[in-house]
Amino acid sequence: MLFKIGVKKGLSSKYVLLFYLFSTLISIIVQYFLWQAVLINRPVSEFRQTLSYLVLMQFLSVLFPKTSYDVNDKVQSGDIALDLLKPVAVSTQLFWESVGYAGAKFMLVGVVNIGIYLWLLDFRIMPAAILMVAVAGVLAYILYFELEMLMGTLSFYTYSIWGIVTFKEAILLILAGNVFPTYFYPAALRTLSSFLPFQYSFGAVGILAQTPTTGLFFRVTAIQLAYIVLFAILLRLLFRHAVTKTVIQGG
């Protein structure tokens, strides 16, 4: 039911989906000419590999939820009180609605991204690689959702998380690898990002898509699962305390 609600929300805002599609295509075109200039003296295969990585990151960025803003809007409007009264946990409600909304975005925007991605790789992808990337992508989605929920839960204390989310976006810009491939990072920054959770929501999936080895797959998914369990515990503890600070504006 919650999944269907998310799909209906996505399909009801067709112009938003068209905006996502248009902005995605503009971003890919800009990245194409940018990296063509950066890698001008490199082999064509390296350029196509880098661009395919960035297209995959664009795909994940479009599909991944913005749950922190949803929680913040509910806290500010007071609708969070109704969600807290429901027999399903707030995080469960938001998760399945976000999955449904992601499904709606995938039907329009995601298909285009995947088509461009496959074209860049000349449609040479092994079934085992698809399976490994799919599993890592699902875990990355769950991990990113938990990060968003943790940010959103802070709105019970601050009532506005614009600054917090902006700081999170800056961290992602540096450490997640969703704007620049992590293998272009300096060694120190690459080592730091390998221990933090942000890369395992984006960059690690892209690296696995480029080098789909069994060893890398198990290492990435093991770290993803460890962070998912850790953040689930943190979220439960933080949310349990945060709801005691709930203030309904005007009520």
Side-chain angles (χ1 to χ4, degrees), residues 10 13-66 69 101-126 129-130 132-134 136-137 140-141 144 165-194 196 198-212 216 220:
S13 52
K14 297 181 179 64
Y15 292 109
V16 175
L17 294 180
L18 288 174
F19 173 78
Y20 272 123
L21 177 60
F22 182 73
S23 60
T24 296
L25 293 175
I26 292 294
S27 177
I28 292 173
I29 292 171
V30 171
Q31 288 173 346
Y32 178 88
F33 289 106
L34 173 64
W35 286 97
Q36 190 178 49
V38 171
L39 302 174
I40 189 170
N41 295 320
R42 301 290 186 88
V44 176
S45 59
E46 184 176 351
F47 167 72
R48 295 174 73 92
Q49 186 181 44
T50 301
L51 192 61
S52 66
Y53 172 96
L54 295 171
V55 169
L56 181 59
M57 294 301 100
Q58 184 78 33
F59 171 71
L60 296 180
S61 298
V62 168
L63 291 191
F64 281 10
K66 300 293 184 288
Y69 288 112
Y101 191 59
K105 287 190 286 187
F106 176 81
M107 285 187 282
L108 180 63
V109 186
V111 170
V112 175
N113 275 105
I114 292 298
I116 295 173
Y117 179 77
L118 294 175
W119 173 74
L120 288 169
L121 297 179
D122 293 327
F123 297 91
R124 292 178 298 182
I125 298 180
M126 297 180 296
I130 296 175
M132 286 190 282
V133 172
Y141 185 96
Y144 190 78
V165 173
T166 301
F167 177 73
K168 182 209 70 176
E169 295 294 336
I171 295 296
L172 288 176
L173 182 66
I174 299 171
L175 299 174
N178 60 337
V179 177
F180 297 99
T182 54
Y183 45 78
F184 286 123
Y185 285 5
L189 188 58
R190 190 164 60 246
T191 301
L192 175 63
S193 64
S194 67
L196 296 176
F198 310 105
Q199 179 182 331
Y200 297 96
S201 290
F202 287 99
V205 180
I207 294 173
L208 181 61
Q210 291 184 336
T211 55
L216 180 61
V220 169

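Residues: numbered from 1 along the sequence shown. Predicted model only: the values in this text are computed from it and were never measured.
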Worksheet item: Under the side-chain contact (heavy atoms from CB on, under 4.5 Å) criterion, do Ile28 and Leu54 qualify, and how do the steps go?
Response: CA-CA 8 Å; Ile28 292 173; Leu54 295 171; over 6 Å; no

Worksheet item: So which heavy atom on Met57 is nearest to which on Gly203, and how close?
Response: SD-N, 3.9 Å

Discussion item. Run Ile29 and Phe33 through side-chain contact (heavy atoms from CB on, under 4.5 Å) and show every step you take.
Written reply: CA-CA 7 Å; Ile29 292 171; Phe33 289 106; 3.7 Å; yes

Discussion item. Any non-hydrogen side-chain atom of Pro65 less than 4.5 Å from a side-chain atom of Tyr144?
Written reply: yes

Worksheet item: Which of parallel (below 30°), tilted (30 to 60°) and perpendicular (above 60°) describes Phe64 and Tyr141?
Response: perpendicular

Practice prompt. Of all the heavy-atom pairs spanning Ala136 and Leu208, show the shortest one and how long it is.
Written response: CB-CD2, 3.7 Å

Worksheet entry | Separation between CD1 of Ile207 and CG of Leu56, rounded to the nearest 0.5 Å | 11.0 Å

Worksheet item: Atom CD in Gln31, atom OH in Tyr53: separation rounded to 0.5 Å?
Response: 11.0 Å

Fill in: Gap between atom CZ of Phe59 and atom CZ of Phe202 - 0.5 Å precision
12.0 Å

Worksheet item: What is the distance from atom CD1 of Ile26 to atom CG of Leu21, rounded to the nearest 0.5 Å?
Response: 10.0 Å

Practice prompt. Output the distance between atom CH2 (Trp35) and atom CD1 (Ile40), rounded to the nearest 0.5 Å.
Written response: 14.5 Å

Discussion item. Are there over 12 heavy-atom neighbours, none belonging to Tyr32, within less than 6.0 Å of that residue's OH?
Written reply: no

Worksheet item: Nearest heavy-atom pair of Ala140 and Val205: which atoms, and what distance?
Response: CB-CG2, 3.8 Å

Discussion item. Counting C-beta onward and ignoring hydrogens, is there a side-chain heavy-atom pair between Ser194 and Tyr200 closer than 4.5 Å?
Written reply: yes

Practice prompt. Give the minimum heavy-atom separation between Gln58 and Ser27, together with the two atoms involved.
Written response: OE1-OG, 3.0 Å

